[in-house]
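Every chain is numbered from 1 and lettered A, B, ... according to where its sequence line falls, protein lines coming before strand lines. Note: hydrogens, waters and symmetry copies are ignored here, and every other heavy atom, side chains too, is used.
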Amino acid sequence: MPEKVRTVFAESDDERILKQTLSSQPTEGPERKKKRNKKRKLDEPEASNPADQDEPREIPASAKEVERSVSVPKKWPHAASQTNGPSTTKFHPKSKSKPFTDTKTNFTPLREKAKALLETRRKLPVFENADLIRDLLREQDVMLLVGETGSGKSTQIPQFLVDEFWCRPVPTQITRDGKTEKKMVGGCIAITQPRRVAAISLARRVAEEMGTPLGSHSPASKVGYSVRFDTSTSPSTRIKFLTEGMLLQEMLHDPNLTKYSAIVVDEVHERGINVDLTLGFLRNLVSGKKEGRGGVPLKVVVMSATADMESLTDFFQQGFKRPEPEQKAIEGVEAEADKMDTSSPKDISVCRIKGRQFAVKTIYSPAPVHDFVDAALKIIFQIHQKEPMPGDILVFLTGQETVEALEHLVNEYAMGMDPSLPKILVLPLFAALPQAAQQRVFAPAPPRTRKVVLSTNIAETSVTVSGVRHVIDCGKAKVKQFRTRLGLDSLLVKPISKSAAIQRKGRAGREAPGQCFRLYTEKDYLALDETNTPEILRCDLSQALLNMKARGVDDIVGFPFLTRPPREALEKALLQLLNINALEDDGKISAVGLHIAKLPLTPTLGRVLLAAGENGPECLLDVIDIISCLSVENIFLNTTSEEKKEAAEAARRDLYRREGDHLTMLTTVRVYAAEHADRKAWAERHLVSHRAMQSVMDVRKQLRTQCRQAKLLTNEALNNTSLHDPSPILILQSFLAGFATNTARLVPDGSYRTIVGNQTVAIHPSSVLYGKKLEAIMYNEFVFTNRSYARGVSAVQMDWVGEALAGKD
DNA sequence: TTAAGGACC
């Protein structure tokens, strides 16, 4: 079998990028693999107490001071011609709707609220830069804006720009493939966010400030948002907050972003993979000839909280400097002098805005800390005894395990505490925590009670806890790392970066001066990396590359990466895409690949979905149910104790299927969907995560809709409520179209060996097939802990695997 | 006999 596989791959080595490595590439490619972290030892030697340090170092705050550092054109163009008052002009020539002095809807309360908010807005540090920012963007298409937390940039910048002359839609004629069409280009501003909650809450805030209804609430609404499962816009939307993923999705359908006059890319310093892709596409757009936009320029504002704008400046300069695709490495090496040479130095401006942040005292540990849970415990009680109320404590830990360990310890110590002291309320916070428990963190502490929030790095960026004046930072975080060579994902506890440490510390100074205890030495701090490793260097790139190919980027090597992933990682991803026939042998995207790119799934799961479509509508519906489970967090609750495990087994007995985990998931979705009385109670009875099942139902609905639009499913098939008998054979064969290389066969000694690569794997204990001996198995992921485990396992037949491996074109 | 930081289409 392995020989056969090799031949199949060898046929595809026309791909220029792959030619050198194909022979040496191992062929196993499990989609996601994880590594367990070492268990924390609770009985380690006592750590020294950092707070015993005599002189805590004070880091000066940067409150209320505004600094500008701008590379500017010397003359300002027609600066006074614009006002920044609310526009009531009918701006859209195509629009038949009246201007927004609508008599049917009474917007007076909204306007009054907006008027009241204006006072607050004027006090934001960014506000006095409004004219400067407008002036710069009239001249130049690209602006880099550094604004610290609390500067107000995310809410104000779009409002500064929306009434600019260049932000109106322009009638154009666009010629493509010999055909000329008339089209309006521009009119809207998009602001991207890394997270859905941020996009929605910013949109809500800006709508309030502008005195307009939000999104789809009124056809006259000027402010909307768009995130997965929730889009709220109107025909009048001019400012749209959206996630980076959503913008990338829009670009698949409209590569030139013709709806938009400007794209504001916010929170770039977080460096998720989607922001890197977005910036690459945007650089191509602003530095290209803009034929696709009828010559109308696109303004790009890149906003970041960290001052390291140099690499970003270089990144965009390179685009203007040389239109040729081949370029030298972009990162780091460009000298100042090189920038001066640039033919058009005025193309990019840089603007810095100081944030509004109270002073936060930093206190380092005098000696390295071995057990940060124990060290945190001591400091919590020291703060509690010494510091006045109010003033909640936020502790940054690495994961659920450390959070729960410390929770237990703090509660234990608090029981023996001097009763004259205020009470302590310990609140854990991590993403997997049920929603209701998460909400408790945001409620103010009861009287005479200090909140102690024990959090993962969810509180570093995603969530703001009010009332915090003391931060304890363990200096570590779990980081996902994709290991190209092994083809597996591992989750490792690693030191955080300086910018993450600064971010954590800043959480103490949102409302009042505060202090930050770092459970590491100052020397350790100075040795930290400056910034977080961009996600593009840490993850499987197949989905990113497929998106690029679908956008017409055939030459991956020539793509402007802000940080270029190693060649090996790109090759691995290309190989993966070739394996599932998402690419032609010449590296161009195939019809299959184009289709997969539009699905909100990993390429592998997308391939499975298409394969199921070829097996008929019943099979497709079943596979959608299973894929929906696979693309969310674990639907079965963890069973830690032996008792719980037995209870879970009993409760779930009617869901388990001997064919394996895939059919078990199908049954679970079917039973859950058929439960109309009380799904939550049903989930609890079966030890199934209700929250996960709600996401499953969202994904399922979205996939069903997309399949109907793609004509893979008819309304008739979707509306048919009578349940068919699932065909395990067709379902599992569909999965093999994506997971043919994730298979193993039973060998005489009773263990399993992977069919590609001949590695030993065992069925994971969480699988319904755990301990079973079967001819062959297929699995969704491969995890390496103390040994190799296959997770998401079903029984398959050897001849199906052979067919799937041979069946590649 | 295991165990997942966080986000996203």
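Side-chain proximity of A:A431 to the nucleotides B:dA7, B:dA4, B:dT2 is greatest for B:dA7. With distances taken from any side-chain atom of A:K478 to the nucleotides B:dG5, B:dT2, B:dC9, the minimum falls on B:dG5. Picking from B:dG5, B:dT1, B:dT2 the nucleotide with the shortest atom distance to the side chain of A:L491 gives B:dG5. Nearest to the side chain of A:T243, among B:dC9, B:dG6, B:dT2, sits B:dC9. Counting only heavy atoms from C-beta on, A:H764 has its side chain closest to B:dT2 among B:dT2, B:dG6, B:dC9. Side chain of A:S462, nearest nucleotide from B:dG5, B:dA7, B:dC9: B:dA7.
Straight-line distance from the CG atom of A:D473 to the C1' atom of B:dG5: 14 Å, rounded to whole Å. Atom CD1 of A:I496 and atom P of B:dG5 are 17 Å apart (whole Å). Put simply, CD on A:E535 is 12 Å from P on B:dA7, counting in whole angstrom units. A:I596 has its CD1 atom 15 Å from the C1' atom of B:dC9, to the nearest Å. As rounded to whole Å, 7 Å separates atom C1' of B:dT2 from atom OH of A:Y789. Distance CZ (A:R504) to P (B:dG6): 12 Å, rounded to an integer number of Å. Between the CD atom of A:E633 and the C1' atom of B:dG6 there is a distance of 13 Å, given to the nearest Å. The CG-C1' distance, from A:L599 to B:dC9, rounds to 10 Å in whole Å.
Residue-level contact check: A:R195 touches the backbone only, with heavy atoms under 4.0 Å from sugar-phosphate atoms and none from bases. In this structure, A:N634 reaches the bases: a heavy-atom distance under 4.0 Å links it to at least one base atom across the strands shown. Note on A:Q400: only backbone sugar-phosphate atoms sit closer than 4.0 angstrom, heavy atoms only; bases stay farther off. A:G272 comes within 4.0 angstrom of nothing in the nucleic acid, heavy atoms only.
Partners of A:E404 under the side-chain hydrogen bond (donor to acceptor under 3.5 Å, both in side chains) rule, at least two apart in sequence or in another chain, are A:Q400. A:H595 pairs by the side-chain hydrogen bond (donor to acceptor under 3.5 Å, both in side chains) definition with nothing, not counting sequence neighbours.
Along DNA chain B, the nucleotide nearest A:G399 and the nucleotide nearest A:Q543 are compared for position; the residue whose nucleotide lies closer to the 5' end is A:G399.
An OP1 or OP2 oxygen of B:dA3 is reached within less than 4.0 angstrom by no side-chain nitrogen or oxygen of A:S766.
We find that A:R195 and A:E270 are joined by a salt bridge, their nearest charged nitrogen and carboxylate oxygen being less than 4.0 Å apart.
Between A:K240 and A:M246 the shortest side-chain heavy-atom distance does not fall below 4.5 Å.
Within the 3.5 Å criterion, the main-chain N or O of A:K480 finds a donor-acceptor partner in the side chain of A:R538.
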